[in-house]
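This report concerns only the one structure given below.
The sequence lines fix the lettering, A, B, ..., with proteins before strands; numbering per chain opens at 1.
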Amino acid sequence: MADYSKEEIKNIEQKWRNEWEKRALYKVTNDTSKTKYYVLDMFPYPSGAGLHVGHPLGYIASDIVARFKRIKGFNVLHPMGFDAFGLPAEQYALEHGIHPAISTQDNINNFKRQLGKIGFCYDWSREVQTCDPSYYKWTQWIFLQIFNSWFNRKKEKAQRISELITIFEEEGNANHPIQNSKFRIQSFSSTEWKGFDEKTQQEILMQCRLAYLAYTDVNWCEALGTVLANDEVINGVSYRGGFPVVKKQMRQWSLRITEYADRLLKGLDEIDFSESMKDIQRNWIGKSVGAELEFKIQNSKFKIKVFTTRPDTIFGVDFMVIAPEHELVKEITTDAQREDIDKYLKYVESRSEVDRMAEVKKITGAFTGAYANNPFNGKQIPIWISEYVLAGYGTGAIMAVPCGDERDHKFAKHFKLPITNIIGSHYNGEEANPTKDAILENSDFLNGMVMRDAIGVAIQKLEEEGIGKRQVNYKMRDAGWSRQRYWGEPFPVVFKDDMPYAMKESELPLELPPSDNFKPSGNGEGPLANLTDWINFSPNAKRDSNTMPTHAGAAWYFLRYMDPHNTSAFADPKALDYWNQVDVYIGGAEHAVAHLLYARLWTKVLHDLGYLKFDEPFKKLINQGKITGDSRFVYRLRGSNKFVSSGLKSNHETDELHVDISIVHGLELDIDAFKKWKPDFANAEFILEESKYICGSAIEKMSKSYFNVVNPDEIINNYGADTLRMYEMFLGPLEASKPWSTQGIDGVFKFLRKVWNLIHDQTGNLKVSEAEPTRQELKVLYKTIKKIEQDIENFSFNTSVSEFMICVNELGSLKCNKRAIVEPLVIALSPFAPHIAEELWEKLGHKESILTATYPKYDDQYLVESTFSYPISINGKVRAQMEFALDMPKEDIEKIVLASEIVQKWTEGKPPKKMIVVQGRIVNVVL
RNA sequence: GCCCGGGUGGUGGAAUUGGUAGACACGCAGGACUUAAAAUCCUGUGGAUAGUAAUAUCUGUACGGGUUCAAGUCCCGUCCUGGGUACCA
């Protein structure tokens, strides 16, 4: 009895999970007397497959941090919830006829059961579910705040739309021009504003709102009768089924995230995300600084605006290219070229997304017959159209500089256009050179300047002459916010006269109407369009048939945890103020651009509107790596039931089959188990190498169909949750992605048993001595505590597990079972292995949970390696100090002293700057 | 193509940021206990050469150069590899 056996582990872990719940130990209060610490996991989408070993990796890490900070004396918020709206539940409903609400609840229950077994210290009383009306009431409410805001570019912040209306009433829009150049009304006075009818006013406001309706392209899949999200479209065909996808214009909600591009970019400097994560966001935002300038078209009233990042190359412009969709194409094409252009436009129209993606390198285009003039020297420039210029970026038109831009160069060569060289020997005639370091030639007033410097000069000149101006462009587009789905938040608006109006707060939530029809309506609208009574709920008012994307609920859930049951606000300002930013946010890197950007955006808008004091939600972000599966293969001879070992398969024609990883040891197949695995294989024959069957292997994603999934329940049944927790941490650095393998889990289990045995004798009785610890024992303990503390602060949990192992090995060899050593060790271990720590803590005579303990302090004097220094004197003067370790053997010290005298002779009396001494030997001397 | 990471024993991975490379663990080998097995414990374990041995010497962090008293770590080039992005002017 009382051995750390598998049976005993189950009892211990169950006992403590019950105790924790019974004593409500994880309940967190908004207690403002303590310093707060907010540790957040990215809440999961509760998929039907349940948890696999990859999920808990980040959760375990955050749980360790939460428990650590707690025993460090912080008031720790460590909540969990579910991102419960989403496509898979709807898909499941279509296939199995089970309502998403029901399957989602089932899945959540299963997740909670699995999470409960791992011993996390979540405060479940703060759980949020995004599909809960009491939650999405506030998602809708925040959406309406965004809808009722506009972005004041002068102040670079969001303001209430009511303030904009006041401005329009007082002064028209002279100071706040319409940004959409295609909108029919561009400027108006205050009297004009007052004269507009209601609908016109609403249309104007729609051009300014941060959440706005507009016709935008969607990915329409005719075969599936539905609209697809970007990530459901792979290389121009649908992810499911591989059907063609085309662009279709639909009236949809978007969030004007582009207005925040610059603040989202600047905000990155203040927050602690990994550089790669910041890079991804920066690339996504895609800021480029350059100039916008106008080219006059010959014999025409039109001008073409282009955007360029390289105004310094203005004298190298040999032609211009505009997008085929550009509005001026029809206007400027000459009669002589009309046939060519029409032919090309037809060709472009016929090209699907797939073709374009596949043939990026293909050079196509047509000449319009029109010419523009270089704004500086009047040089005649032919105007072409080509699909390599995108209508959606910049102005949809470019000035082509073939000697400096690769695509322009290829285009010029292909159509035999002349190429002006402005960079001398930097251009070899064969390929473009995008350098900024060349000295400009053939460039009029820029001649002789280094290109890098000429950029600013050119912009200044453009501005002086009124030809152009400095301009910043972003790759990022506004965020499409409509989904043609059922299982999401309905938009809390009503349409009157085709314009949306915000619902009143008292009317929220606008609940998702009950339905059992989840099929798309077929005309591009989602399933809600089938509910005509709900849509047309009143004779002159309609609802939106779209729902919000899952990003909506996830864009603010971290705020709701602070005050989850509030019915009068999304959270109390005091709670928001106290908990403030998330101190550490742990989750997968796959959310780099979508979720994290939207959460940052919503935070910034709420900040601007005065609801939050902070404008970045996450102070620090840690991306845990993916745990991938380690698959095994067998090779079946084609058309037979004979399997050939991996090393010999090249001699045969074989098919590769996944085999269950549980019947393979390392790479060697358990042949008997294999025969029993599936009836088909009962009579299988084998071609062996060295009398073994060796399997092939590959690292791939964990998936049931690959037979490489490891369910945490299995590990917990075998070894207990504490071993699982420590093993997942021991596997490698948190941020690295790594294949799952249970090789080595025994080592972690043995470690825990050693801890157990440290204070139990062979018969299972407690053996703790009250004796004073020795200096050596204290050193072992303090060294460990200090290292662990640093490791946790650095999120380096793999090394901290090693550190514990070293410590227990050393204490074991010292035969140390003293209370003064063991107790602090158990406290330090408790964040990693809470169950065993609680049990030992109780056995050591404590009535209160170990969560109420205080993280042990260490005494530096026991850790210092170098405690005294020996002066080296040269010519009677002390010239350098040498440091010695306190516990260095005496003989070694004598050796060094001797050596240092030799060194002095060797260095001819020059004082060494530094001497490297390792284990009593002088390794190196720095003069 | 462009922008970031990464490449260390049979395996997962350490290395105080330029200072004994391979901590810790797995695996493997040998030993102890046992009638036996399991479990547990102990010892060894990058490679090569020499030696009965303790040990000694050389070599070694993808490859080729370089800086430095000293390089896994810094610089240049090459090759693999993971991620992001894609005609963004």
- Task: State the pairing partner of B:G5; accept Watson-Crick or G-U wobble contacts with both distances under 3.5 Å, and report none otherwise.
- Result: B:U81

- Message: Looking only at the side chains, is there a donor atom on one of A:Thr742 and A:Tyr719 sitting less than 3.5 Å from an acceptor on the other?
- Response: no

- Given A:Lys783, which of A:Glu810, A:Glu803, A:Glu789 fulfils the salt bridge (Lys or Arg N to Asp or Glu O under 4.0 Å) condition? A:Glu810

- Message: As an exercise, state the distance from OG1 of A:Thr723 to CD1 of A:Ile715, rounded to the nearest 0.5 Å.
- Response: 9.5 Å

- Task: Could you measure between the two P atoms, the one in B:A62 and the one in B:G12, and give it in whole Å?
- Result: 14 Å

- Paired with B:A15: which nucleotide, if any, by Watson-Crick or G-U wobble criteria at under 3.5 Å for both distances? none

- B:G46 pairs with which nucleotide, Watson-Crick or G-U wobble, both distances below 3.5 Å? B:U59

- Task: Look up atom OG1 in A:Thr784 and atom CZ in A:Phe804, then write down how far apart they are to the nearest 0.5 Å.
- Result: 8.0 Å

- Task: Rounded off to whole Å, could you give me the CD-to-P distance for the A:Gln743 and B:C28 pair?
- Result: 9 Å

- Message: Among B:A23, B:C26, B:C88, which nucleotide has an atom closest to any side-chain atom of A:Ser802?
- Response: B:A23

- Write down the distance separating the C1' atoms in B:A23 and B:A56, rounded off to the nearest Å. 25 Å

- With respect to the phosphate group of B:A89, does any side-chain polar atom (N or O) of A:Ser288 fall under 4.0 Å of OP1 or OP2? yes

- Query: At under 4.0 Å between heavy atoms, what does A:Phe730 touch on the DNA or RNA strands: base, sugar-phosphate, or nothing?
  - Reply: base

- Item | Sugar-phosphate, base or nothing in reach of A:Val748, heavy atoms under 4.0 Å | nothing

- Query: Under 6.0 Å between ring centres, would you say that holds for A:Tyr347 and A:Tyr344?
  - Reply: yes

- Note on the structure: Rounded to whole Å, the CG-C1' distance (A:Asp746 to B:G27) equals 11 Å

- With a 4.0 Å cut-off on heavy atoms, is A:Pro733 in touch with a base, just the backbone sugar-phosphate, or nothing at all? sugar-phosphate

- Message: Less than 4.0 angstrom between a side-chain N/O of A:Asn798 and OP1 or OP2 of B:A14, yes or no?
- Response: yes

- Item | Residue matched to B:C26 through Watson-Crick or wobble contacts both under 3.5 angstrom | B:G10

- Report yes if at least one side-chain N or O of A:Lys787 is closer than 4.0 Å to OP1 or OP2 of B:U16; otherwise report no. no

- Could you please name the partner base of B:G72, counting Watson-Crick and G-U wobble pairs only when both distances are under 3.5 Å? none

- Item | P gap between B:G31 and B:A25, integer Å | 23 Å

- Query: So, is A:Asn809 close to the B:A25 phosphate, meaning a side-chain N or O under 4.0 Å from OP1 or OP2?
  - Reply: yes

- Nearest to the side chain of A:Lys750 - B:C3, B:A89, B:C41? B:C41

- Counting any heavy atom closer than 4.0 Å, what does A:Lys754 reach on the DNA or RNA strands: base, sugar-phosphate only, or nothing? sugar-phosphate

- Task: Please determine, for the side chain of A:Tyr393, which listed nucleotide (B:G13, B:U85, B:A89) has the closest atom?
- Result: B:A89

- Message: I want to confirm an ordering. Mapping A:Asp405 and A:Leu731 to their closest nucleotides on RNA chain B, which one lands closer to the 5' end?
- Response: A:Leu731

- Message: If we count only N and O atoms by modelled type, under 3.5 Å, do the side chains of A:Asn283 and A:Lys475 hold a donor and an acceptor together?
- Response: no

- Message: Is there a side-chain contact between A:Arg753 and the phosphate of B:U40, meaning an N or O under 4.0 Å from OP1 or OP2?
- Response: yes

- Task: Quick one: label A:Leu390 by what it contacts on the DNA or RNA (base, sugar-phosphate, nothing), any heavy atom closer than 4.0 Å.
- Result: base

